[in-house]
Amino acid sequence: MNDIKISARGVQVYYGDTHAIKDVDVDIRDKTVTAFIGPSGCGKSTFLRCLNRMNDTIDVARVEGNILLDGEDIYDKRVDPVQLRAKVGMVFQKPNPFPKSIYDNIAYGPRIHGLAKNKAELDEIVEKSLRRGAIWDEVKDRLHAPGTGLSGGQQQRLCIARAVATEPEVLLMDEPCSALDPIATLQVEELIDELRENFSVVIVTHSMQQAARVSQKTAFFHLGNLVEYGDTEQIFTNPKDERTESYITGRIG
Amino acid sequence: MNDIKISARGVQVYYGDTHAIKDVDVDIRDKTVTAFIGPSGCGKSTFLRCLNRMNDTIDVARVEGNILLDGEDIYDKRVDPVQLRAKVGMVFQKPNPFPKSIYDNIAYGPRIHGLAKNKAELDEIVEKSLRRGAIWDEVKDRLHAPGTGLSGGQQQRLCIARAVATEPEVLLMDEPCSALDPIATLQVEELIDELRENFSVVIVTHSMQQAARVSQKTAFFHLGNLVEYGDTEQIFTNPKDERTESYITGRIG
Amino acid sequence: MPALWLLVLVLVIGIAGFIIGRQRAMRTAQGDIRLLHSLPSYYGSNVFLSTVIPGLLLLAVWLIAQPLVIQGRVAAMIPEQGLSDYGSLSLVMSDVRRVADGLDLAVERGALTPEAAGSIRTELTDVRARLGAVGVALGSNVQPYVLSAAQSYRAMSATGSLLMSVVVIAATIAGFAVSVLRTNKDFRARNAVEKVVLALLLAAASIAILTTVGIVLSLIFNTIEFFKLYPASDFFFGTTWSPSFGGGSELGIVPLFWGTFYISLIALAVAVPIGLFAAIYLSEYAGPKVRSVAKPLLEVLAGIPTIVYGLFALLTVGPLLVSVFGQGGMLGVGWMRGGTAVATAGLVMGVMLIPFVSSLSDDIINAVPQAMRDGSLGLGATRSETVKQVVMPAALPGIVGAILLAASRAIGETMIVVLGAGAAARLSLNPFEAMTTVTAKIVSQLTGDADFASPEALVAFALGMTLFVITLGLNIVALVIVRKYREQYD
Amino acid sequence: ARDQVQVAGSSTVLPYASIVAEAFGENFDFPTPVVESGGSSAGLKRFCEGVGENTIDIANASRAIKSSEVEACAANGVTDIMEVRIGYDGIVFASQLNGPEFTAFEPADIYNALAEQVVVDGELVANPHNQWADFNPELPAEGIVAFIPGTKHGTREVFEEKVLLAGCEASGALEAMVASGMSEEDAEGECMSVRTDGKSVDIDGDYTETLARIDSNANGVGVFGLAFYENNTDKLKVATMSGIEPTTETIASGDYPVSRPLYFYVKKAHIGVIPGLKEYAEFFVSDDMAGANGPLSEYGLVADPELAATQEAVASEQTMN
Amino acid sequence: MTDFTADTAGPGTPAARKSSLYTETTRTKRRNASETRFRLYGVAAISVGLLFLVALLYSIVTNGIPAFKQTFVTIPVTLDAARLDETGNRDPSDLARVTTFGYKPLVTEALVTALRDNGIAIPFEDEGDVEKLLSSSVAAQVRNTVLADPELVGQTVEFRMLAASRVDGYFKGRVSRESLARDRNLDAEHLDLADRMVEAGLLQTAFNADFIFGADASESRPEQAGIGVSMVGSLFMMLVVLVLALPIGVASSIYLEEFAPQNRFTDFIEVNISNLAAVPSIVFGILGLAVFIQFAHLPMSAPLVGGLVLTLMTLPTIIISTRASLKAVPPSIRDAALGVGASRMQSVFHHVLPLAMPGILTGTIIGLAQALGETAPLLLIGMVGFIASNMPDSIGAGFLSPNSAMPAQIYEWAKRADPAYYERAWGGIIILLVFLMTMNIIAVVLRRRFERRW
Ligand SMILES: Nc1ncnc2c1ncn2[C@@H]1O[C@H](COP(=O)(O)OP(=O)(O)OP(=O)(O)O)[C@@H](O)[C@H]1O
Ligand SMILES: Nc1ncnc2c1ncn2[C@@H]1O[C@H](COP(=O)(O)OP(=O)(O)OP(=O)(O)O)[C@@H](O)[C@H]1O
Ligand SMILES: [Mg+2]
Ligand SMILES: [Mg+2]
Ligand SMILES: O=P([O-])([O-])[O-]
């Protein structure tokens with residue numbers, strides 16, 4: 001049941017001359033939440049963006065190595081990055097709602113993927129997604145107000161809802177709770193837990209507690225290297241690498 | 001010594017028809033760290049932006065009530081918002097580095113305020129600010145690379161350093177550590193502590209721990225109302241309002 | 001079948017294809033669009049495109065190729081005598097084509113029966129008169145060999161167009177069938193359609209290249225002709241421009257280029273600051289009301305015909321400048337001898353160019369994210385500091401584009417120069433002196449009275465070509481500089 | 001198929017051609033011909049581009065076709081060309097109605113005012129004159145400003161040959177030049193060169209531009225077509241040349257020296273093909289139109305004394321040589 | 001930890017920092033002064049632009065308004081059957097044989113009669129001289145009326161005819177008795193006559209709809225000239241430009257900005273486009289003549305060809321502005337779309353393009369304005385000159401039959417000798433500008449709807 005969903009081998013990422021990700025091997029399991037932790041600037045977002053080829057959009061970025069999704073090389077020429085991204089959804093570190101209405105923000109993905117047969121179904125998807133993003137109550141009366149007029153945390157949840165609406169098989173979440181209060185955080189964590197039943201989730205977080213709460217696997221990055229990867233419990237209770245230990249106990253940053 | 005730095009009375013903010021801040025009275029003391037806490041979308045950022053009139057830039061926003069800085073009404077006609085903002089600095093919720101080099105991002109404020117007599121002094125200010133922003137080590141070799149090419153957390157620290165570089169009397173920080181790892185968070189908290197010796201700091205945060213660690217005063221916002229305001233210790237140990245209690249104990253969001 | 005009807009038929013099949021493709025896709029997915037690879041309309045579009053494109057391509061190729069093929073075969077039928085009569089094969093052939101077209105028209109108008117058109121003989125019929133009656137211009141009487149060539153030409157064309165109809169329709173239906181058959185729920189319809197759209201986008205971009213080729217081709221022959229008559233070195237390095245009808249003209253391009261450069265410079269010196277400041281004011285300071293009125297009003301400046309600007313320069317601005325800078329003028333400097341001057345034309349041209357800078361820049365500045373402004377204002381910057389140091393650098397690439405566009409228009413402008421700057425070519429530094437530009441001289445030599453085969457008239461083409469090459473060079477330099485700048489920054 | 005006559009060429013002939021075209025359209029069943037402007041050269045060039053519907057039928061010209069152009073025509077298959085002279089264009093000197101008394105010029109005056117080199121006290125020198133009175137006390141003591149046709153205009157050629165060259169001879173400058181060792185030909189060329197110090201202003205535009213310049217410059221003297229002058233007598237006053245006042249009569253009789261013939265050229269191959277082509281050509285030179293009292297002469301065309309011969313030639317479709 | 005220095009001294013002297021908000025520090029004063037200056041530059045820039053606009057519009061309107069009024073003569077004309085229809089059977093082809101030259105005396109006599117009937121003495125030796133009061137178009141007007149309704153022959157019909165341009169000029173203040181002293185066309189007596197005719201109600205000045213809807217007229221009768229037909233020519237040209245230039249321009253910008261790989265070929269296209277912007281418009285005319293008329297055998301003087309030439313000329317403007325505004329759309333928007341699984345094509349067409357719309361519309365406004373006012377390229381494809389066609393009777397004819405364009409018409413009028421054409425040229429400019437503004441309004445309104453900040 002817990003097969004490998006994504007398998008990365010020897011991944012290198014360069015931004016121009018900067019070597020941002022250094023030879024990372026990692027396996028992301030299906031129906032599992034994997035947490036990426038590590039100090040700011042260590043390459044978590046960069047690596048995350050490799051997994052659905054979002055780095056393609058950065059001119060200076062160059063990716064090497066192999067990344068297999070369900071055994072297929074996602075950097076293969078035959079692969080359509082669009083289809084890949086429909087399968088591997090993403091919540092970005094900086095909330096980026098479309099300058100459209102809240103409704104359209106959510107409905108966009110389902111529309112282009114043909115997930116709804118008619119308007120009623122679409123409405124249903126939008127409501128469900130907003131509920132899952134724990135923002136329904138706050139926006140249900142202003143679905144047609146612009147998404148850019150929301151507060152920081154609301155925008156973040158909107159983006160989570162938007163990503164969930166397309167029902168990806170893998171969801172990459174870059175610090176999805178950074179602007180959320182504890183309750184909202186809890187709700188998002190519940191969402192993640194729920195998603196895990198069918199899908200695979202990768203979450204970048206700076207909160208050890210959160211990593212410990214939601215993830216089964218944890219990867220610790222440091223200066224572009226994947227230092228340690230293993231069961232969350234083991235990483236937090238019994239780290240093998242001393243850098244991991246220092247980080248968890250708050251000694252390196 | 002701990003005089004009132006900012007005093008707000010009957011502040012109301014409307015975004016078009018939405019009543020985002022409802023009749024808030026609050027006193028912000030000098031040489032004190034004040035934490036604003038509350039669920040996402042409750043109006044923390046909105047209120048923060050009132051304090052240095054950043055809401056002026058939002059067309060639909062309308063501010064009513066009185067806000068006094070050192071006893072002077074900042075919404076008075078005679079007040080130049082530019083001078084006000086030089087005194088009351090701000091770190092925004094979403095990191096917004098200028099599309100310029102890292103160096104120029106920091107040097108921008110000192111340049112316009114004439115804080116440096118010459119290039120050497122400016123270099124010094126830049127280095128000092130980057131150190132205070134806890135990002136010097138990461139960027140010292142790429143000071144002339146664009147600030148937009150930094151990681152999320154690095155951008156956030158860059159923006160903190162940028163705000164500190166102009167040496168404001170009051171520093172408003174909207175979730176300054178949301179994208180930071182624990183070590184970097186700690187460093188920023190130390191910075192805040194240090195700033196407190198001479199200045200006044202207002203910080204919005206979703207982390208109760210952080211609020212408890214750095215602040216002396218805490219204000220709890222809920223649905224646009226200031227529900228409770230008092231000594232941090234008292235708020236966290238013995239809240240008067242039950243909504244406060246619910247929030248702190250994680251029951252309302 | 002005429003090409004137009006063929007075209008309509010192909011399009012109709014294509015539209016039917018769209019509907020059928022869409023339906024078929026839905027059917028293969030049992031009416032559940034979630035099972036489809038792409039949205040249903042992509043399947044429809046895919047069938048439409050696969051149906052229409054082969055047909056249209058074939059049609060286009062055929063329409064171009066058929067005359068060439070037939071011409072080759074008919075040309076082989078022309079006897080020796082034809083060449084000596086006409087002087088060249090192409091002249092004979094143009095007559096053959098004209099006669100053939102005439103026969104077609106005659107048949108169409110009922111002046112000839114189809115059989116008669118195929119069998120008439122010059123010995124028996126005055127073909128020229130018969131064709132003239134239906135409105136076909138023939139240069140001379142029709143030779144027997146021309147007529148028979150024309151008749152075979154018609155016969156071949158008829159067979160050719162029949163064949164064309166068959167082939168085009170076959171290709172259309174084949175495209176239709178293949179794409180409909182390929183339509184099933186797993187077919188990557190979106191990718192297929194997007195590939196075609198991308199090709200269309202590329203084709204649109206390539207029109208610029210075709211235009212360039214067209215311009216070069218329409219200038220080059222006369223330019224070569226010119227250089228046969230007039231030494232290139234005198235043209236490129238001569239500092240005197242004085243054409244005259246009787247020959248012995250001096251046609252040095254240098255003063256014209258100097259005039260072009262000088263006038264454009266002054267025009268930009270007027271338009272760029274005014275346009276930029278106006279754009280900044282509109283996007284950063286003005287309220288929505290002011291903006292929504294002032295911007296379109298300024299845009300009217302771009303729509304006033306240039307002849308009005310020319311008259312404005314001649315009648316208003318010129319005399320005004322003379323009253324300031326002329327002899328006995330307000331400044332008493334006496335720099336300006338007449339109303340027509342570089343400064344007059346430059347000033348007025350600058351006014352015309354204001355909206356090119358202001359409107360485009362305003363849009364670009366407006367597109368800079370508000371967060372950038374907030375960042376700067378939050379540090380205690382004034383609005384002008386924000387504009388100058390944060391907004392403008394962010395908007396710079398677009399603004400540079402707008403300024404280059406304005407500069408290009410300045411180089412290409414004619415009427416304002418003719419009326420505002422005068423017609424005399426001169427090399428001088430005094431901006432209050434009359435001068436003229438390359439473009440103005442292209443127009444005047446082209447519409448002048450000189451012998452059209454003389455260097456004085458042909459020089460228009462050489463001027464056009466030279467200007468074209470030089471601006472091309474400048475654009476390459478600009479591109480390289482912009483690239484360099486961008487690379488340093490990243 | 002094209003069913004209207006297509007004409008292009010000289011802007012000097014354009015007004016006459018358009019009057020004819022308009023009347024032609026009113027009185028015949030053919031559509032009104034299209035008369036394009038764009039200059040004699042451009043018109044002839046398009047005329048010579050070939051035979052066929054996508055080429056023009058008639059080229060208007062304010063000068064005779066050149067032999068090199070005839071050759072170019074022939075090279076493109078345009079061989080049978082009919083040349084039709086419609087009359088003469090008078091060229092006059094005029095100045096602001098209320099300006100100085102520029103009412104009588106001699107060619108020598110114009111030469112002395114505008115030439116590059118003039119004779120002063122028997123010496124050939126670069127033109128030193130600033131005022132008209134400097135060389136002819138009978139002329140006003142006003143600064144010299146003249147607006148003459150630019151080198152693109154056919155009028156310039158006439159101005160050079162019939163005024164400057166004549167003035168050069170009359171003022172003795174030609175003699176002086178030859179005496180100084182110049183060849184006859186070079187001297188004639190030198191006679192026709194105009195001073196470049198700004199006192200003589202080339203006008204590349206049309207007469208309305210010259211008029212506008214004179215309007216704003218009281219001392220200006222300009223060169224105009226007779227028809228243009230006659231339409232603007234409320235602003236301009238004309239000067240006599242060698243004592244002769246320019247009128248259609250004096251020009252037709254040849255007394256007034258400065259004039260040039262106007263032509264149009266017909267592509268014979270198009271006759272009988274383009275409907276109305278021959279009718280238009282005949283109508284143009286008919287007495288009703290081009291005769292001495294016809295609308296053309298009313299507008300300012302100097303009627304051709306040999307009009308009858310021209311009508312004859314058009315009727316018989318006579319081509320050039 | 002290393003990032004900290006123990007420098008806690010605090011910046012700035014507290015005394016200086018405790019300055020009041022109400023008083024500006026010297027530095028703020030200086031900066032605010034520069035702010036005010038900067039703002040003033042903006043106001044000044046816009047004022048200068050608007051000032052020029054007002055000056056231009058003022059001279060256009062004052063010069064052009066008289067063109068909208070015209071002087072008419074209303075008299076009865078006896079359509080003498082003996083002279084108009086010798087055969088007497090009212091056969092149209094026989095009627096047509098009498099030319100305008102035959103009608104002219106008829107009209108002149110009618111005027112003389114009308115004057116006599118109203119008791120106005122004719123001051124000329126030759127009574128026929130009164131005909132100079134009338135436009136030379138009247139004979140054609142009467143003839144056309146007769147040809148349209150042969151039954152009128154033999155009757156007396158009242159006609160409203162155009163007065164000659166100089167008479168018209170007299171009532172507009174352009175012509176005075178003094179100025180006629182040296183005029184061959186009209187004498188001062190004619191003006192006296194005209195004044196009497198006004199008193200008698202034979203002559204009146206009225207709004208001239210024919211100026212707006214009519215066709216060009218020859219040089220000898222400015223009073224008849226109208227801009228309507230060339231306005232239709234411009235309209236058809238603008239249709240061609242809009243339908244071709246906007247999609248092609250936007251498509252090539254999208255390709256270059258969003259999809260083009262960085263290589264020689266795209267560099268080449270890019271340089272070409274910016275270079276085309278600098279090609280003088282007349283060169284596009286040369287190109288149009290060579291390609292569309294001589295090579296592709298499209299008809300001469302046709303708005304279709306004009307539209308094609310102007311399309312090529314307008315493309316660079318639209319492309320350059322579209323590219324600039326595509327570039328200005330922040331990448332986060334593209335990321336957001338790609339992140340939910342949109343293709344690049346979708347992200348561009350669904351998100352980027354709408355955000356770039358203001359710039360695209362600006363380019364379109366400016367490009368079309370430029371195309372609408374351009375004369376030079378039309379010179380070479382036969383749209384400048386005397387092209388007095390009728391209104392096209394079908395859409396196809398609108399594109400293909402010979403026509404002029406508004407700027408070409410205005411340019412021609414401005415060159416004509418009769419001063420009456422001068423006011424018509426300006427009047428034409430008024431109509432051109434009204435046309436332009438109507439065209440722009442749609443784009444301006446659209447643009448306002450798309451404008452937003454993010
Ligand atoms: N520009 C705007 N236009 C309209 N409504 C807005 C705008 N900005 C904020 N709001 C609304 O005002 C309310 C308060 O927003 P604010 O940004 O102050 O919340 P916040 O407390 O900062 O929340 P968060 O913790 O999520 O950042 C929210 O309901 C939000 O949707
Ligand atoms: N567009 C870019 N151009 C150049 N360098 C970049 C770019 N994006 C990121 N980097 C650099 O690559 C490194 C890794 O960045 P990344 O964004 O992956 O960090 P991160 O682990 O997500 O950090 P954070 O927790 O702060 O978001 C950093 O040193 C950063 O400065
Ligand atoms: Mg990151
Ligand atoms: Mg907030
Ligand atoms: O146009 P023109 O040839 O008569 O000068």
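Below, chains carry the letters A, B, ... as their sequence lines are ordered, and counting in each starts from 1.
- Within residues 438-449 of chain C, the residues having any heavy atom closer than 4.5 Å to a heavy atom of chain D are C/Lys441, C/Ser444, C/Gln445, C/Leu446, C/Thr447, C/Gly448, C/Asp449, listed by residue number.
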Derivation and outcome, side chain to side chain donor-acceptor pair (under 3.5 Å), residues C/Thr340 and D/Arg213: CA-CA 9 Å; C/Thr340 44; D/Arg213 305 253 172 155; 3.3 Å; yes
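- Chain C forms more heavy-atom pairs under 4.5 Å with one residue of D/Ser11, D/Gly39, D/Gly205 than with any other, namely D/Gly39.
- Separation of atoms CZ (D/Arg156) and OG (C/Ser244) is listed at 8.5 Å; rounding is to 0.5 Å.
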Validation: residues 306-315 of chain C side-chain donor-acceptor distances under 3.5 Å, sequence neighbours left out:
| unit_1 | atom_1 | unit_2 | atom_2 | d |
| --- | --- | --- | --- | --- |
| C/Tyr309 | OH | C/Leu301 | O | 2.5 |

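- Residue contact with chain D, scored on non-hydrogen atoms closer than 4.5 Å, involves the side chain of C/Ala457 exclusively.
- No donor-acceptor contact under 3.5 angstrom links the side chains of D/Thr196 and C/Arg426, judged on distance only.
- By number of non-hydrogen pairs under 4.5 angstrom with chain C, the leading residue of D/Glu69, D/Glu71, D/Glu157, D/Lys267 is D/Glu69.
- Atom CG of C/Asp451 and atom CG of D/Leu44 lie 9.0 Å apart (nearest 0.5 Å).
- Below 4.5 Å, heavy atoms of chain C meet heavy atoms from D/Thr151, D/Lys152, all part of residues 142-152 of chain D.
- In this structure, the portion of D/Lys66 lying under 4.5 Å from any heavy atom of chain C is its side chain and not its backbone.
- Shown here are the side-chain hydrogen bond (donor to acceptor under 3.5 Å, both in side chains) partners of D/Thr208, two or more places apart in sequence or in another chain: D/Asp206.
- Annotation: side chain of D/Ser68 is not in contact with side chain of C/Phe452 (no heavy-atom distance under 4.5 Å).
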